[in-house]
Amino acid sequence: MELLTSEDFKNTRIQPEWTAMDYLLEVVRVDQEKMQEQTFMNKKKNGRLKRKRRIQEENNKNKRPITSYPPKPLMPEGLKQHIVENMGGSNCVLVIQKQLFFSDVNPQASRLLIPFSQVESHEFLSEFEVERLKNKEAIKACLVEPSMEETEINFKWWDMRKNSMYVITTYWNSIIKNNRLKTEDVVQLWSF
């Protein structure tokens, strides 16, 4: 917000019968006009910036950066021990190692996309689970966070225009918050 200057009152005609209240009301009127003009100019500027940003996003829409990851690591020993000893799990399989994009950490989206093209192996699902997913049924699963906290999630299959993908929903925003996940972090999803 800018302060008023004498230049702002150049079109004001002062009447000899004005009271102190009239002067104050004129200051308020001029100030509101100036704020409206600044708001209009900011919206106009923001509109140009938004259009420019939208054009850039459309140009970059299908251009995901090529990221080289280090060799696929083994499952962290503490996680493996928790799965085996506390949950009775076995057959641990890396599903995906993925760099997070804005869409993965956006609270309004509240989901993690797992593109089929990036999945290490689809063999982590049983035939029964695959059929349920194809029939648009969500599978309730337990996600073990790095803190060893267990969170129930919904695991789904989405058919997009050209791609299919798995999706983790339900409590995804809590998982992001609890683990301080952000864009460009690399995460791993294991199945057991």
Side-chain angles (χ1 to χ4, degrees), residues 50 53-54 56-192:
K50 285 179 184 177
R53 201 174 303 129
R54 191 171 56 243
Q56 286 174 339
E57 287 173 0
E58 286 174 7
N59 289 339
N60 294 331
K61 196 174 190 178
N62 295 322
K63 295 180 185 176
R64 295 285 188 176
I66 298 174
T67 307
S68 64
Y69 298 117
K72 303 292 184 237
L74 298 173
M75 177 182 274
E77 201 54 46
L79 177 60
K80 187 173 186 176
Q81 184 178 357
H82 178 82
I83 290 169
V84 172
E85 293 176 7
N86 298 344
M87 301 177 78
S90 61
N91 302 327
C92 298
V93 176
L94 179 64
V95 176
I96 189 172
Q97 177 170 293
K98 176 186 179 180
Q99 182 178 29
L100 296 177
F101 293 102
F102 175 74
S103 61
D104 297 315
V105 296
N106 179 359
Q108 281 77 34
S110 187
R111 45 94 178 116
L112 174 67
L113 296 178
I114 306 166
F116 276 21
S117 61
Q118 295 177 26
V119 171
E120 295 292 319
S121 169
H122 296 269
E123 312 248 335
F124 68 95
L125 293 169
S126 70
E127 288 181 27
F128 174 72
E129 291 168 327
V130 170
E131 284 305 311
R132 283 188 59 194
L133 290 171
K134 283 183 178 179
N135 290 327
K136 307 290 184 224
E137 295 177 50
I139 296 175
K140 293 208 178 294
C142 178
L143 185 128
V144 181
E145 299 181 39
S147 63
M148 303 305 157
E149 184 176 333
E150 298 174 19
T151 304
E152 186 177 270
I153 55 147
N154 281 327
F155 191 79
K156 299 177 180 180
W157 177 325
W158 284 1
D159 282 317
M160 307 306 263
R161 289 184 194 128
K162 295 181 182 178
N163 304 338
S164 292
M165 53 189 65
Y166 299 117
V167 184
I168 292 177
T169 62
T170 313
Y171 302 115
W172 180 244
N173 284 342
S174 298
I175 295 165
I176 290 170
K177 184 178 177 184
N178 294 345
N179 296 283
R180 296 186 174 112
L181 297 175
K182 59 190 179 308
T183 303
E184 296 184 7
D185 282 352
V186 176
V187 295
Q188 295 176 347
L189 180 66
W190 295 82
S191 173
F192 60 91

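Everything numeric in this text was worked out from a predicted model, so none of it was measured.
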OG on S164 to CH2 on W158, rounded to 0.5 Å: 12.5 Å

Would you check if N154 and Y171 make a side-chain contact, meaning some heavy-atom pair closer than 4.5 Å? no

Could you measure the distance from the NZ atom of K140 to the CZ atom of F155? Nearest 0.5 Å is fine. 14.0 Å

Using side chain to side chain contact (heavy atoms under 4.5 Å, CB included), reason through Q81 and N86 one step at a time and then give a plain yes or no. CA-CA 8 Å; Q81 184 178 357; N86 298 344; over 6 Å; no

Describe, in one word, how the ring planes of F116 and Y166 are oriented to each other, choosing from parallel (under 30°), tilted (30 to 60°) and perpendicular (over 60°). tilted

May I ask you to test the E152-C142 pair for a side-chain heavy-atom distance under 4.5 Å? no

Side-chain H-bond candidate by donor/acceptor type, E150 with H82, under 3.5 Å: yes

Taking all atoms of both residues into account, what is the closest heavy-atom pair of P115 and K98, and its distance? CD-NZ, 4.3 Å

Nearest heavy-atom contact between T170 and I153 is O-CG2, 3.7 Å

Heavy atoms of G89 and F192 approach each other most closely as CA-CD1, 3.9 Å

Between W172 and D104, is there a donor-acceptor pair closer than 3.5 Å when you use the side chain of the first and the backbone of the second? yes

For the side chain of E129 and the backbone of S126, is there at least one donor-acceptor N/O pair under 3.5 Å apart? yes

Is atom CG of N91 surrounded by more than 12 heavy atoms (other residues, nucleotides or ligands) closer than 6.0 Å? no

Within a strict 4.5 Å, meaning less than it, do heavy atoms of the I175 and L143 side chains meet? yes

For the CG atom of L113 and the CD1 atom of I168, what is their distance to the nearest 0.5 Å? 10.0 Å

First locate atom CD of E85, then atom NZ of K80, and finally report the distance between them rounded to the nearest 0.5 Å. 11.5 Å

How far apart are the C-alpha atoms of W157 and V130, what are their side-chain angles, what is the distance that settles it, and do they pass the side chain to side chain contact (heavy atoms under 4.5 Å, CB included) test? CA-CA 9 Å; W157 177 325; V130 170; 4.1 Å; yes

Mind listing the closest non-hydrogen atom pair of S191 and V95 along with its distance? CB-CG2, 3.6 Å

dist L79:CG -> Q188:CD (nearest 0.5 Å) comes out at 9.5 Å

Could you check whether D185 and Q99, counting side-chain N and O atoms only, form a donor-acceptor pair closer than 3.5 Å? no

Return yes if some donor-acceptor pair links the side-chain N/O of N135 with the main-chain N/O of E137 below 3.5 Å, else return no. no

Got a second to check how far L189's CG is from Q118's CD, nearest 0.5 Å? 12.0 Å

What one should report as the nearest heavy-atom pair of M160 and M165 is CG-CE, 4.0 Å

State, with a plain yes or no, whether a side-chain heavy atom of I114 is found less than 4.5 Å away from one of V167. no

Using a strict cut-off of less than 4.0 Å between a Lys/Arg side-chain nitrogen and an Asp/Glu carboxylate oxygen, indicate whether D159 and K134 qualify as a salt bridge. no

Is any side-chain heavy atom of N179 closer than 4.5 Å to a side-chain heavy atom of E145? yes

Smallest heavy-atom separation, R111 atom then S103 atom, equals NH1-O, 2.7 Å

Could you tell me if the side chain of K182 sits less than 4.5 Å from the side chain of L100, heavy atoms only? no

Between Q97 and V187, is there a side-chain heavy-atom distance shorter than 4.5 Å? no

So T151 and V144, do their side chains get closer than 4.5 Å, heavy atoms only? no

